[in-house]
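As structure tokens, the structure follows; a few thoughts come after it.
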Amino acid sequence: MKLKFLSNHKVAAAGPETATASSRPLDSSLDANVAEIKRRIGNSSDVVFRSLSNPASTSPSLTFIYIDGLVNADLITQAVIQPLTDSKDLQEPGLDNEKALLLIKEHILTVSGIKECKTVESLLRMLFEGNTIILLDGAKTALAAGTSGWETRSINEPTSQGVIRGPKEGFTESLRIGTSMIRRRLKNADLRVEEYKIGRRTQTGIALVYLHGIASEQVLAEIRKRLDAIDTDSILESNYIEELIEDGGMTPFPTIQNTERPDAMAGGILEGQVGILIDGTPFALLAPATFFSFFQSSEDYYQRFDISSFLRIIRFTAFFVSLLLPALYIAVTTFHQEMLPTTLLISLAAQREGIPFPALIEALIMELTFDVLREAGVRMPRAIGPAISIVGALVLGQAAVQAGLVSAAMVIVVSFTAISNFVIPSLAIANSIRLIRFLMMLIAGSMGLFGIMSFLMVLLIHMAGLESFGIPYLSPVAPMKPSYLKDIFLRMPMWKMKMRPSTYGSQEAPRQNLPAEQPQASGNPFEPQGSENS
């Protein structure tokens, strides 16, 4: 399923609640309800049924249902079972079952987050979320007590977006921990969190996080619309959501950012982006996204502006090197040898003497070999990783050259290209460049520099036509907005960026009330007063 642009969106006719038109209401008989639940879940061994009834007492019969491993057992004992067994109010003769249910809900249970379930489907949904279900004999309503509690991974440093200076904590797989990490950074009443349940079978929790008054209402409405339109059976990772709601169709360029860093998400939300957290994955999404946002790193704002600006230039240079260097080498050595200095041309010709393949095949062999080694390095156990690095160095370096399969110049080109690819801070855009690079090499091998220039023009036109939730992909360069360029190719000093750029359609413009010029010291604080006269 692929969702298209605004006007082409088709809103799902039925949400999770309305889709249960054939929902089965709960019966007043406790035994009938328990039998129906057991039939639905197939007597799964991890579902615990526990009855609480005393024939000698006038208390109504109760049954607790919970899933072992998804609940906090101590909380069930202390906040659910013990208050019910100790309560004297339930033993009053003539107590109506409906009134008993209200009494349990409002006065007896000490656990927070109690909800009512009137159908078997809603009861099962609450059960699978880690709640403890309380069924009362004679009542057509069940109670779901919030007793969820399962093992979660501790907060660690992000593995895909490391920094030297800055916070060292990343998102975990828990949705609630993720929202709390954002809330801890943005202590503002305007921070909004909207939750969704997507996936007919997985019922995955999704949280939409944004700042009210800063995020664009049009962008928010579009994201809500696309999330509501998702009708799939499972959401297991954030890429499911990314592919289902992103713009661009078959474009290789990502139009939604992903990040493991809470500080990066908080920064994006402050800029007017909308965060999307998905339960079960540490990778959150930021939308809308422009092409230039993929070259920005959290660390750009944790160090001086001149260093950050220099690193930005390095990244953009690495982008062009990663995209064009193998293609340019193929084109020049194949079609345009006259462009090379004579000495360099003689050196390259000497290296290629005895190589059985043309430059295009030579480059494809080396690039594919590197990608195979890279994939192997990712999939192999950590203990074997260094061995892969040694094999890669030998295969890509000395052995391939000595065997006469590739030239030393090609080894240098491919190695420098691979290193440049890793300079780009976003893995999503780096992978896109890897894909485009192969196409670029094929065109360079068949049409030379003319093909490269033609392909670049087509690529630029394609990027200019892309949008991310209504925001132009090349904004603020195309369409040009000079006042928004202070944080694109270079990072201006903080005291220069007084206004929030509306790159993402944000509503509120002022960001700080610092002076327009860099603050100057009024004088040497260590100089004695009246020293000129002394």
Side-chain angles (χ1 to χ4, degrees), residues 1-19 175 178-179 182-183 186 188-200 203-232 235 238-249 251 253-259 265-279 284-291 293 465-476 479 481 484 500-511:
M1 181 180 67
K2 179 64 194 170
L3 305 180
K4 295 295 183 184
F5 295 95
L6 249 168
S7 56
N8 296 334
H9 269 288
K10 181 180 179 182
V11 180
E17 295 297 330
T18 53
L175 180 65
T179 56
I182 300 297
R183 180 74 72 178
L186 301 177
N188 192 291
D190 289 332
L191 184 69
R192 303 283 192 270
V193 179
E194 298 177 11
E195 295 203 358
Y196 294 78
K197 293 288 183 188
I198 300 180
R200 290 191 301 271
Q203 288 290 305
T204 307
I206 312 288
L208 206 64
V209 189
Y210 62 93
L211 271 177
H212 175 68
I214 291 183
S216 166
E217 288 297 330
Q218 288 78 13
V219 170
L220 272 171
E222 182 62 22
I223 293 176
R224 292 190 190 110
K225 192 175 182 180
R226 298 187 189 188
L227 287 176
D228 289 338
I230 294 176
D231 184 14
T232 181
I235 299 292
S238 58
N239 188 61
Y240 285 60
I241 297 291
E242 185 177 344
E243 283 197 33
L244 290 171
I245 68 172
E246 70 177 352
D247 295 81
T251 181
F253 293 99
T255 54
I256 296 178
Q257 283 180 266
N258 66 72
T259 180
M265 171 158 283
I269 291 173
L270 285 169
E271 292 277 349
Q273 289 180 288
V274 179
I276 304 173
L277 293 163
I278 295 93
D279 195 24
L285 304 177
L286 274 171
T290 65
F291 174 72
S293 60
L466 285 178
E467 287 187 347
S468 176
F469 297 91
I471 304 297
Y473 195 53
L474 292 182
S475 177
K481 295 179 181 176
Y484 296 166
R500 175 179 294 105
S502 299
T503 308
Y504 305 116
S506 56
Q507 300 177 25
E508 191 180 54
R511 181 158 53 183

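Just so it is clear, the values below take in all heavy atoms, side chains as well, and ignore hydrogens, waters and symmetry mates.
For the pair F469 and A287, the tightest heavy-atom approach, listed with the atom from each and the gap, is CE1-CB, 3.5 Å. Considering every non-hydrogen atom in both M265 and G275, the closest pair reads CE-CA, 3.7 Å. The two residues S475 and T503 come nearest to each other via the heavy atoms OG-CG2, 3.8 Å. For L285 against E242, the heavy-atom pair with the smallest separation is CD2-OE1, 3.7 Å. Scanning all heavy atoms of the two residues, the minimum distance from T290 to Y504 falls at CG2-CE2, 4.1 Å.
Contact of the L244 side chain with the I198 side chain is not registered, since no non-hydrogen atoms from C-beta on lie closer than 4.5 Å. R226 has its side chain within reach of D247: a pair of non-hydrogen atoms, C-beta onward, lies under 4.5 Å apart. Within the 4.5 Å cutoff, the side chain of L277 has no heavy atoms near those of the V193 side chain. A 4.5 Å side-chain heavy-atom check between D231 and R200 finds at least one atom pair inside the cut-off. Looking only at side-chain heavy atoms (C-beta outward), R183 and L191 come within less than 4.5 Å of each other. Counting heavy atoms from C-beta outward, Y196 and R224 have side chains that approach closer than 4.5 Å. You'll find the side chain of Y473 reaches within 4.5 Å of the side chain of T255, heavy atoms only. Two residues are said to be in side-chain contact when any heavy atoms from C-beta on lie closer than 4.5 Å; L227 and I241 meet this criterion.
Atom CD of residue Q218 and atom CD1 of residue I471 lie 9.0 Å apart, to the nearest 0.5 angstrom. Separating the CG atom in D190 from the CD1 atom in I269 is a distance of 12.5 Å, to the nearest 0.5 Å. In this structure, Q273 CD and T259 OG1 are separated by 10.0 Å, a value rounded to the nearest 0.5 Å.
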Exercise for review: Evaluate the side chain to side chain contact (heavy atoms under 4.5 Å, CB included) criterion for residues Y210 and L220: first the C-alpha distance (whole Å), next the side-chain angles of each, then the deciding distance (0.1 Å), finally the verdict.
Suggested key: CA-CA 9 Å; Y210 62 93; L220 272 171; 3.5 Å; yes
Check your understanding: Can you list the steps and then say if V274 with L208 is a side chain to side chain contact (heavy atoms under 4.5 Å, CB included)?
Key -> CA-CA 7 Å; V274 179; L208 206 64; 3.8 Å; yes
Exercise for review: Could you check H212 against E217 for side chain to side chain contact (heavy atoms under 4.5 Å, CB included), going step by step and ending with a plain yes or no?
Suggested key: CA-CA 9 Å; H212 175 68; E217 288 297 330; 4.1 Å; yes
**Study point:** Test log, rule side chain to side chain contact (heavy atoms under 4.5 Å, CB included), inputs L175 and T204
**Key:** CA-CA 10 Å; L175 180 65; T204 307; over 6 Å; no
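Using modelled atom types, no side-chain atom of E467 and backbone atom of P472 make a donor-acceptor pair closer than 3.5 Å. Between the side chain of S468 and the main chain of A289, a donor-acceptor pair closer than 3.5 Å is present.
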